[in-house]
Amino acid sequence: MDFQLSEEHKMLRQMVREFAENELADKAGERDEEERFDMEVFHKMAELGLTGIPWDEKYGGAGFDFLSYVIAVEELSRVDSSVGVTLSAHTSLASWPIYKFGTEEQKQKFLRPLAEGKSMGAYCLTEPGSGSDAAGMKTTAKKDGDHYILNGSKIFITNGGLADIYIVFAATTPELKHKGQTAFIVTSDMPGFKVGKKEKKLGIRSSATTEIIFEDCRVPAENLLGQEGQGFKIAMMTLDGGRNGIAAQAVGIADGALTHAIAYAKERHQFGKPIASQQAIAFKLADMATKVEAARLLTYQAAVLEDSGLPYGKASAMAKLYAGDIAMEVTTDAVQVFGGYGYTREYPVERFMRDAKITQIYEGTNEIQRLVISNYLLKD
Amino acid sequence: MHLQFTEEQEMMRRMVRDFAREEIAPRVEEMEETDEFPLEIIRKMGEYGLMGIPIEEKWGGAEADFISYILAINEISKVSPTVGVILSVHTSVGTNPILYFGNEEQKKKYVPKLASGEYIGAFALTEPNAGSDAASMRTTAVKKGDKYILNGSKIFITNAGAANTYITFAVTDPSKGSKGISAFIVEKDTPGFTVGKKEKKMGLHGSSTCELIFDNAEVPAENLLGEEGIGFTIAMANLDVGRIGIAAQGLGIAEGALEHAIAYAKERHQFGKPIASQQAIAFKLADMATQTEAARMLVYRAAALRNQGIKCGMEASMAKRFATDTAMKVATEAVQVFGGYGYTREYPVERYFRDAKVTQIYEGTNQIQRLVISKYLLNK
């Protein structure tokens, strides 16, 4: 076993950290307050090659591995997790299924612009009545000559409105339930594609979350991804990898909050000495750091498994479950370390705490992760 | 043991519950978005006798018992933790010190106005470098003729700006440490006294939290509360009452969040049945309810002791520590039960989540509560 990162991974981490600290840190609070995503940030990430980290160079990617991608999401999220999730949804949820299931033509047409950052991607699975229970979806796709006609609506779509390429799941044979679902590549310029209401959220406020509506949306049959009826499988396999992106986001949030808490604890004096040298705070920091370390290892493990071509579904569910839960705990404790100051919007820790909560919810709630993990345990 | 409320206490609870539902609930959303102090609600609470619940009738109060007062904070916080804290600060630490330590003149001049809600009270102890370590304050008061000249600044003062009177602590004799601190009643239009920056907070929107600045503020010598040097005693004497009040606020938050979570869990269907009938959620609700019940016991035990005039320093700290930690846990889980919907500002649970955090911080951080509790244990 070797727990050391390679030189390449270390260099990538350094590069993304510098980008995050120099380009994101300053305005992260402002973007949060204004609930505004800055496309300029996405363009800069494209210039650095961050929008296609794990894809082959022949598809416009950087040709790195999934571990590199996970490190990048973590580093972005240490500073601004709204940017972290934007990259995660773009890469894991929108680009990955095309990489895995797309035809050569689809890859050149859609994966390349995504990888190069000329396009932004999104993933449309959740509906008002089907969250955790994805098989109960109501959006339909009916074949009409060389097109499919999509009708229905999707909610809580990350990058909604900003993205131009959407992986959309719809029922082609509703009576077959999850075996009758199919995946499509939909672009925002197709007739009948509409962006609905934008959500006002507790956190990750500068990441866009919207409703997406399909009103007789005409999608060319050649945009069908994989095969008819394969949609649910594609959705679930995509989420396995997506979970690891969210685990990385959660690790980044926790590590960012911890970093701020340590710096503040050393500087803040009460009762004549730094609070960092008083056990109530010092031991809290020790617990926080141990949790972050364990979550990071689980997350890297899932990425390394994927890079090695081994099954990673259980590992990524564990990483997401644990990292999401500890992100919530660590950020709540970080606000506590800052005391009254931490509760104000002048310090970043309250933003980290608001952002952390979503990592327990999206990409499969942590209840669903427990279901996935227990299913693996019981089938073995 | 007798765990029932009396008929009078039940009446108070019903009255406050109706008031909260009819007068406060419809305004919560507006308070949340504008972050403006709910003066109209407070005036109306004055009309209902809620601004002086435990104050004797001869001083203009409702002369209900201490348990009734705690019930009122509890019930109001279930709907609006913002109004709950305004009431708690106004009564526990804005009015009580005058009642307990003021002379006849001071009581006559201020208590009836505070008890009727004509005046709003505040309490100014915390400074930038004196939070948990209150004894290290730097604000000074120097006697000059028939006045004290105050210099310094206070931060995180609840009700600041809206309040008419501020119980303010300042050092009159720097050579005596905590025994050189004195308390003053500072009126809002005192020359040299200004309300500074208003904090933008994570939660408790509508509750005003500001800096206070004393720049050669001229406070009449007759506004000295008690005598010189007993300021720290005054500050500490009312902390028990204040802590039970915040414990009741925490309890209200937990109860409010739990009620919403139960209602939603019964209504939301996934996998063909209500999520409430699936163990992942049902057992979570069971844990939330058990924690809330235990918090309720600790809160009312401390309140009952106080009501009987029995010392309750340790019990007040236990109630505050446990009820507010419970508020944070239960509110976090309530968002989880609501899933993606809970993360949006369309549902109330994200507000409880944001409001809960400060209850672990103010009126003595939960670290300070542990310090207090452990001292009682070790000094036995």
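Throughout, a chain's letter reflects where its sequence line sits, starting with A, and its residues are numbered from 1.
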> Under 3.5 Å, which donor-acceptor pairs link chain A to chain B? Give each pair on its own line with the distance.
residue, atom, partner, partner atom, Å
A:Glu33, OE2, B:Lys200, NZ, 3.0
A:Glu35, OE2, B:Arg345, NH1, 3.4
A:Glu35, OE2, B:Arg345, NH2, 2.6
A:Pro128, O, B:Arg268, NH1, 2.8
A:Pro128, O, B:Tyr341, OH, 3.1
A:Gly129, O, B:Gln270, NE2, 2.8
A:Gly131, N, B:Gln270, OE1, 2.9
A:Ser132, N, B:Gln270, OE1, 2.9
A:Asp133, N, B:Gln270, OE1, 2.7
A:Asp133, OD2, B:Phe271, N, 2.7
A:Lys197, NZ, B:Glu346, OE2, 2.5
A:Lys200, O, B:Arg345, N, 2.7
A:Lys201, O, B:Arg345, NH1, 2.7
A:Leu202, N, B:Tyr343, O, 2.8
A:Gly203, N, B:Tyr343, OH, 3.2
A:Ile204, N, B:Tyr343, OH, 3.4
A:Arg268, NH1, B:Pro128, O, 2.6
A:Gln270, OE1, B:Gly131, N, 2.9
A:Gln270, OE1, B:Ser132, N, 2.9
A:Gln270, OE1, B:Asp133, N, 2.7
A:Gln270, NE2, B:Asn129, O, 2.8
A:Phe271, N, B:Asp133, OD2, 2.7
A:Thr332, O, B:Lys357, NZ, 2.8
A:Gln336, OE1, B:Lys357, NZ, 2.9
A:Gln336, NE2, B:Gln360, O, 2.8
A:Gln336, NE2, B:Gln367, OE1, 2.9
A:Tyr341, OH, B:Pro128, O, 3.0
A:Tyr343, O, B:Met202, N, 2.9
A:Tyr343, OH, B:Gly203, N, 3.3
A:Tyr343, OH, B:Arg354, O, 2.7
A:Arg345, N, B:Lys200, O, 2.8
A:Arg345, NE, B:Lys201, O, 3.4
A:Glu346, OE2, B:Lys197, NZ, 2.5
A:Arg354, O, B:Tyr343, OH, 2.8
A:Lys357, NZ, B:Thr332, O, 2.9
A:Lys357, NZ, B:Gln336, OE1, 2.9
A:Gln360, O, B:Gln336, NE2, 2.8
A:Glu367, OE1, B:Gln336, NE2, 3.0
A:Glu367, OE2, B:Lys284, NZ, 2.9

> Heavy-atom distance under 4.5 Å to chain B: side chain of A:Met353, backbone, both or neither?
both
> When heavy-atom pairs shorter than 4.5 Å are enumerated against chain A, which of B:Gly339, B:Gly342, B:Ala135, B:Ala280 gives the highest number?
B:Gly339
> Side chain, backbone, both or neither: which part of B:Ile155 has an atom under 4.5 Å from a heavy atom of chain A?
side chain
> B:Ala130 versus chain A, heavy atoms under 4.5 Å apart: side chain, backbone, both or neither?
backbone
